[in-house]
Structure formats: C-alpha cells, structure tokens
Protein chains: 2
Amino acid sequence: MSRGKQNEPGTHRAMQVVNHIRSLIENGTLQPGDKIPPEREFARTLKISRASLRTGIGYLAAMGIMKVRHGVGTFVADGPAQFGKTSLSLIGALHGFQSWQMFEARIILESNLATLAAERGKEEHHAALAEEVAEMFAALSSPSDYLIHDLAFHRIVSQASGNPILAAVIETITSALYDSRRKTVERSIDIHQSAEMHRKLYHAIRAHKSKEAHDLMEQHLQLAQAAQGLERPADRKPGEAKSESIFTKGV
Amino acid sequence: MSRGKQNEPGTHRAMQVVNHIRSLIENGTLQPGDKIPPEREFARTLKISRASLRTGIGYLAAMGIMKVRHGVGTFVADGPAQFGKTSLSLIGALHGFQSWQMFEARIILESNLATLAAERGKEEHHAALAEEVAEMFAALSSPSDYLIHDLAFHRIVSQASGNPILAAVIETITSALYDSRRKTVERSIDIHQSAEMHRKLYHAIRAHKSKEAHDLMEQHLQLAQAAQGLERPADRKPGEAKSESIFTKGV
DNA sequence: ATCCTGCTGAGGTCAGACCACTAGTATACT
DNA sequence: AGTATACTAGTGGTCTGACCTCAGCAGGAT
C-alpha cells in the first residue's frame, strides 16, 4: 500500500544541498569568497528545511569548502586548497598517525613538488621565490618573521609545481604539523643555514635543474626534521620511545 | 545583567561533540567498527540537543571518521584511512583540479610508496602481495575480477610502506579517480602486460630493491595513464583541448 | 568628536513530532 | 515443515517554529 511519500526516496537532503552548491561552483556562479544567501532564505529557495540545509553546509564546512561566520554569513572558502582544517588530526587520531610519518610524507611530497617546480616554474614564480628569499635574509634576526616567509616560499613552490592536488595535500599536512607543535619554532641558530638552502633551492628551480631541486628540498627538510627530533625511530625500539602520537590532544 | 546563560559560551556544540568522540577514540574507548549510542540517548548523555549532536556527527562523517547507516546506527569507520569520500571531488570542483593532475599525483605518490615498501616491507606483506599477483594471473580473462586484485595489490603496497598518511592520500585520490571514470575499465589487451608488471614489482619489493620498485611502479602507472588518455597536455594548447575538468558532474 | 546603546540580520541551539529505513520476529499460506 | 509475508521495535532523517548569540551599524548621549 504505497503510502503517499511526500518526497523522493534516498535523495538525502544534505547531499542535495551539497550537489546544488557543487554545481553552482562548477558553473562559476559561486566564486571563492562569495557569500551564499541567508540560511532561512536559501532553505526556502531549495524547498527544504533550514535544518537540512544546515546539515549540508556543515558537510561542506567540514571539508573546508565553505566558511561559516557566526552573525555574519556563510562564504565559499578562498584560501589555498586544503582537506579540512582538522581532518588530518581527526583521521590521525583514529588511525594512530605519528608525527615522524607526517614529516616523512612532507619530505617526500615537497621533494617531488620541487622537481615539478623546477620543470614547470614560470617567471612569475621565480620572481615570487626571489622575493621571499630576500625577505628571509632580511628577517634572519626575527624567527617569527622568518617563519612567515619560509612558509610563503614553500607555498609558492607548491603553486609552481602546477599540481594543485599535491599542493593541497602539502597544505593539509603542513598546517597539521604546525598545529601540533606551534611552540617549537626553529632554533635561531639554524636560520642562517636555512635561508642559505632556500637560496640555493631557488637557484636550482630557476635554472630548471629538477634533480638538484629535489635533492636540495630533501636535504633542507631532513635538517628541519632533525632539528625537531622527528626522525623515524630506528625501529620498534621497545624502550620508552615516547612514540609521539603527536596529535597529543593538547587541550 | 548576566542573564542566566544556560550553557557555556563559545563552546560550539558541534565541536564539543567532535572533541568528545575524538578523545573517546584516542583513549581507545572507541575502536574502528564500533557503534556509538543512539542519537537520542547520546544527546541526553552529552546534555545537548539531538540537532547539535547530529551536526557534530555530520562533521565527522564528512571526513570519513564515522559512517552513518540509516535505520541501523552510527559507527566508527573501519576501512582504510581516507580523507572523506567526496572531499577531493568537492575541493576539486572549487579549485579546478583536472584528472591528469590526479593521475600525476598518484604516480608520484605510489612510486615513492613503492620505494618505502621495498625498504620496509615485512614477510606478511610479501606474502599478501604474492597472493594478489597469483589472483591477478588467475583473473586474466575477467577484467572486473582483475580490477579487484589490482586494487588490493596497490593497497598492500601502501600498507607495506609504513606510512599511513601517504596511504590515506593515495586512497583518497584513487577512489576519486575511480569515481570519475568507473566505466573506463582497462582494456583487456593490457591486462596480461599489467599482471606481468605487478609480478616484477612484487619481486623488486621482496628483494628490497627500492630504486627498482620505484621505477617499476612509475612505469606501470604511466602505462595505465596512457591507456586512459590522461597524460598531461603538452602545454596550454589553445585548441579545443577538452581539459577534462574530470569532476564532470556526471550527475 | 567620541563613546555607549539598541536595533537588525545572520548563524546556533533547542524541543518535540513525525517520516523512512533495517532487521528481526511473528504469523499465514502452500 | 518450509517459505513467504506482515508486523514491530529501534534508529537515523526531516520538519517546524521559537528562541539565543554574535557582529555590525545607526543614532543618540556626553
């Protein structure tokens, strides 16, 4: 006895919202930074309840596609692509990721990104890299300022690689890595050496020496890794290896 | 005039739920596959409304941490780690990822994963790989069966690499890649050659020949890439290059 | 001119009723 | 007996509509 179903079955409202917004993004109606209509109004437009709409938005927000600002509105994310702010941390908690693994992933990815950047980098990227290198040398005495340009440098390399997907992965890992140890800023002792490596790396990229760029990036990160004591443990050393599940719910 | 605030301020309920579950996972109370209490009951326990609880669960579900099954219950995800099923597709829509970029990312990542697997693989992995290779040869005439073992093989390599983070990334990319072109199963013509390459790759990994494993994996994937016509376009060829934004909202 | 106040609009939460799906169990038919 | 159908309990999904909280702004008091 087919009871009059008031809605199509299986078409989860939340997904309906997700797909709707997805298509708005795909056809260009919605650009990064744009604001979407107020929930009450949007819900009326889509013929669904505000609750369902919110479920869908929550889904998108969880993946970093949208940014919700209480009292202001909901916007399409505009920063660098990323897989959700806390995703790695959460997934890590579930699967027991450790920080040396995150760093290892970073080394592998960025080394290859450097290779690609050396192969494909355009003048604009070279200029931007040069700019950051200069700023780094100018900030040798200010660790916090140095950090900013260090990050910018790496981000530009990601862009220059021409592969936004790998760039997004790196972005996710880097931000998680920072989140887990924001305090441990690099020792100022290493800064000069670090700046020097970035300079060489920049030259390798500009000269399209991909192999060299790869190795330099690898060395650079391995040094940073050592500086933070995040090497891969020799092996399942039974000792009191504090295994650093790093997502040490710092709370 | 402090109006009796019925709850602490700013402690977004959703995040409260997320953190609660996160800690339950971290301290081992919640294991993959476990079921969480029914929404109504859980909400009462946490002293929040069911709506808020659902928002939090939605957040976790979006990132693949939890799996919700209508009419059955909500569970902690148990499959291989992944960054949310549709995350890449959604982020891709926003940032215009293209399929050749996804494949490129896959080649780079899996090649390095093969290197690591060759360096760190244990007997258990070797045995599992051998098993899959055997199954592949046994399924030469059945593309769909072959596919299953092909996937399994690559997944084992990921595990053998000892880096679950990179494995999760690969898992995410692979599933997105499949989602976007489920129909394009490999031509049966290539299957025998493919099986052969997997066999060689297995041998390289078992013999701990990391460089060889890396190169074999790279070759194997480049062939697969070519078979699907997903090479990187020579360059911004102005022609009607159908650029394949691949997340062709296949609807 | 500056600061405080209150309004407005937007997201956040709540409560409770009702719909929809799954799976197991009881019942009826062959 | 055996199998198929119907019922039911349990759980997630959606809706409604009221109220809370926050951010920004306009207008008035100082």
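Residue numbers start from 1 in every chain, and the chains themselves are labelled A, B, ... in the order their sequence lines are given, proteins ahead of strands.
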Report which part of the nucleic acid A:Thr74 touches: base, sugar-phosphate, or nothing (heavy-atom distance under 4.0 Å, all strands).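 Sugar-phosphate contact only.
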
For atom [atom1] of [X] and atom [atom2] of [N], their distance in whole Å:
X: A:Glu39; N: C:dC14; atom1: CD; atom2: C1'; value: 15 Å
X: B:Leu46; N: C:dA15; atom1: CG; atom2: P; value: 13 Å
X: B:Phe42; N: D:dT11; atom1: CZ; atom2: P; value: 14 Å
X: A:His70; N: D:dC22; atom1: NE2; atom2: C1'; value: 4 Å
X: B:Ile48; N: C:dC14; atom1: CD1; atom2: P; value: 7 Å
X: B:Gln16; N: C:dC14; atom1: CD; atom2: C1'; value: 14 Å
X: A:Arg13; N: C:dC21; atom1: CZ; atom2: P; value: 10 Å
X: B:Leu53; N: C:dG12; atom1: CG; atom2: P; value: 17 Å

What are the atom names and distances for every N/O pair under 3.5 Å that joins the protein to nucleotides 3-9 of chain C?
| from | atom 1 | to | atom 2 | distance (Å) |
| --- | --- | --- | --- | --- |
| C:dG9 | N2 | A:Gly71 | O | 3.3 |

Do B:Val18 and B:Ile57 make a side-chain contact, defined as non-hydrogen atoms from C-beta onward lying under 4.5 Å apart?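 They are not in side-chain contact.
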
Using a 4.5 Å cut-off on heavy atoms from C-beta on, say whether the side chain of B:Ile91 contacts that of B:Phe97.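 Touching, per the 4.5 Å side-chain cut-off.
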
Applying side-chain contact (heavy atoms from CB on, under 4.5 Å), can you list everything that pairs with A:Ala105, at least two apart in sequence or on another chain?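 Result, side-chain contact (heavy atoms from CB on, under 4.5 Å) vs A:Ala105: A:Ile173, B:Asn163, B:Ile165, B:Leu166.
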
Give the minimum heavy-atom separation between B:Gln16 and B:Leu46, together with the two atoms involved.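 Nearest heavy atoms, B:Gln16 then B:Leu46: NE2-O, 4.2 Å.
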
When you measure from the side chain of B:Arg54, which nucleotide among D:dG13, D:dC15, C:dT13 comes out closest?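 Among D:dG13, D:dC15, C:dT13, the one nearest the side chain of B:Arg54 is D:dG13.
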
With rounding to the nearest 0.5 Å, note down the distance linking CG in B:Leu113 to CZ in B:Arg106.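 B:Leu113 CG to B:Arg106 CZ: 11.0 Å, rounded to 0.5 Å.
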
Give a yes or no on whether a donor-acceptor pair under 3.5 Å exists between the nucleobase atoms of D:dG10, that is its base, and the side chain of B:Arg40.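 Under the 3.5 Å cut-off, the side chain and the base do not form any donor-acceptor pair.
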
According to a strict under-4.0 Å criterion, is A:Arg69 in side-chain N/O contact with OP1 or OP2 of C:dA10?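 No, because none of the side-chain N or O atoms of A:Arg69 sits under 4.0 Å from OP1 or OP2 of C:dA10.
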
Would you kindly say whether B:Asp150 and B:His154 are connected by a side-chain donor-acceptor distance under 3.5 Å?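 The criterion, which ignores hydrogens and geometry beyond distance, is satisfied for B:His154 and B:Asp150.
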
On DNA chain C, check which nucleotide each of B:Ser52 and A:Glu41 is closest to and give me the residue with the more 5' one.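 Looking at DNA chain C, the more 5' nearest nucleotide goes with A:Glu41.
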
Can a donor-acceptor pair be found, under 3.5 Å and without considering hydrogens, that links the side chain of A:Tyr146 to the backbone of A:Ala195?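 Indeed, once roles are kept as given, a pair shorter than 3.5 Å links the two residues.
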
